[in-house]
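Working notes for the structure below.
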Amino acid sequence: MAGWGYTDEHDGTSGEQPRFTTLVNNVCHEIGAFQLQSSCWFQAKTAQTTVSGNLFYNGPRAGINFNDGFGGGNVVKDNVIFNQCRQSGDHGNQTQKPTVDTQTNQRKKST
């Protein structure tokens, strides 16, 4: 899945960019057999996207890839993402396991 907009160099005032895209309750797995540079969600020159309640696993690179910071306003919450970056290591530490803090009932990453 991808959101891809257009700008005139650094001028994004034309409005030719996806905005308010919503990805909810999707399952994405076993991708990258033919395209190793793939993610379950990729966006470039796209703003105000909500990615929520998805299950992404067994991918070659990042489960979610924001190519640039165009526009901002993105919301990523309540997703389960694991076993990603199997073909590359260029997306940070993938060994951290999510935990739940029983005091605040908030998810945290273990260190």
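For clarity, every value in this text was computed on a predicted model and none was experimentally measured.
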Which donor-acceptor pairs under 3.5 Å do the side chains of residues 47-56 make with protein atoms, sequence neighbours left out?
residue, atom, partner, partner atom, Å
T49, OG1, Q43, OE1, 2.9
N54, OD1, N25, N, 3.3
N54, OD1, N26, N, 2.7
N54, OD1, N26, ND2, 3.0
N54, ND2, L23, O, 3.2
N54, ND2, S52, O, 3.2
N54, ND2, N79, OD1, 3.0

- prompt: Would T7 and S14 count as a side-chain contact (heavy atoms from CB on, under 4.5 Å) if you check the C-alpha gap in whole Å, the side-chain angles of each, and the deciding distance to 0.1 Å?
  reply: CA-CA 7 Å; T7 62; S14 68; over 6 Å; no

- prompt: Would R86 and Q84 count as a side-chain hydrogen bond (donor to acceptor under 3.5 Å, both in side chains) if you check the C-alpha gap in whole Å, the side-chain angles of each, and the deciding distance to 0.1 Å?
  reply: CA-CA 5 Å; R86 297 186 305 166; Q84 295 294 129; over 6 Å; no

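Minimum interatomic distance between A62 and S39 (heavy atoms only, all atoms of both residues): O-OG, 2.8 Å. Residues I81 and G63 share a closest heavy-atom pair of CG2-CA, 4.3 Å.
Aromatic ring pairs are classed by plane angle as parallel below 30°, tilted from 30° to 60° and perpendicular above 60°; the pair F42 and W4 is tilted.
Criterion: ILVMFWY side-chain heavy atoms under 4.5 Å apart, direct or through other members. Under it, M1 and I64 are part of a common hydrophobic cluster.
For residues 27-36, the set of pairs meeting the side-chain hydrogen bond (donor to acceptor under 3.5 Å, both in side chains) definition, not counting sequence neighbours, comprises E30-N58.
Counting heavy atoms from C-beta outward, T46 and Q17 have side chains that stay 4.5 Å or more apart. Residues F66 and D68 form no side-chain contact, since every pair of their non-hydrogen atoms from C-beta on lies 4.5 Å or further apart.
Counted within 6.0 Å of CZ on F82, heavy atoms from surrounding residues, nucleotides or ligands total more than 12; the atom is thus considered enclosed.
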